[in-house]
Q: 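One structure, as structure tokens, below. Some questions next.
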Amino acid sequence: MKEFAHVEDVLLVLGPAEELPGLLAGLVAAGFTSAYGADELLDGEGPTLAAARAALEARGGSGRADVVVSVRGRLDLAARWVRRGGRVASLAAETVMPSLDTLVAREVTVIGGWDE
């Protein structure tokens, strides 16, 4: 099984707001100390996105996560939130991919299935 993240990575989960607390609690229990969540369906800088961005910026650097996981398969949005050279993954059967230009320019790696 190919690891999509390491516990020291800054991990951002994009998904339905009602599911995020449970997902984040599971990640913390698994040892991720830097796991954040944001509702990916909010437009612009909604309160959840603003809170996640503030938490990421407080860690220094670009204010972007090392790994972004999309519950709904919105890898196009995940690619906007991940740091240059970071990794994105989808938990959905169907995904919305970012443009090839975005992947190449930002050096983003798309992690496919959990059984790679």
Q: So, for Gly15 and Arg72, which heavy atoms are closest and what is the spacing to 0.1 Å?
A: C-NH1, 4.1 Å
Q: What's the shortest heavy-atom distance between Leu103 and Pro98, and which atoms?
A: CD2-CG, 3.5 Å
Q: Would you mind telling me which of Leu91, Val71, Val67 makes a side-chain contact (heavy atoms from CB on, under 4.5 Å) with Val13?
A: Val71
Q: Nearest 0.5 Å, please: how far is OG in Ser70 from CG in Leu12?
A: 10.0 Å
Q: Sequence neighbours left out, what pairs pass salt bridge (charged side-chain N to carboxylate O under 4.0 Å, His left out) with at least one residue falling in residues 75-84?
A: Asp66-Arg83, Arg74-Asp76, Arg84-Glu107
Q: Using a side-chain heavy atom cutoff under 4.5 Å and only I, L, V, M, F, W and Y, what cluster partners does Leu100 have?
A: Val104
Q: How long is the straight-line distance from OG of Ser90 back to CG of Leu14, given to the nearest 0.5 Å?
A: 10.5 Å
Q: Under the side-chain hydrogen bond (donor to acceptor under 3.5 Å, both in side chains) rule, what pairs show up with a residue in residues 91-104, not counting sequence neighbours?
A: Ser99-Thr102
Q: Do the non-hydrogen side-chain atoms of Leu24 and Phe32 ever get within less than 4.5 Å of each other?
A: no
Q: With side chain to side chain contact (heavy atoms under 4.5 Å, CB included) as the criterion, how do Leu75 and Met97 come out once you've worked through the C-alpha distance, each side chain's angles and the decisive distance to 0.1 Å?
A: CA-CA 5 Å; Leu75 293 183; Met97 292 295 291; 3.6 Å; yes
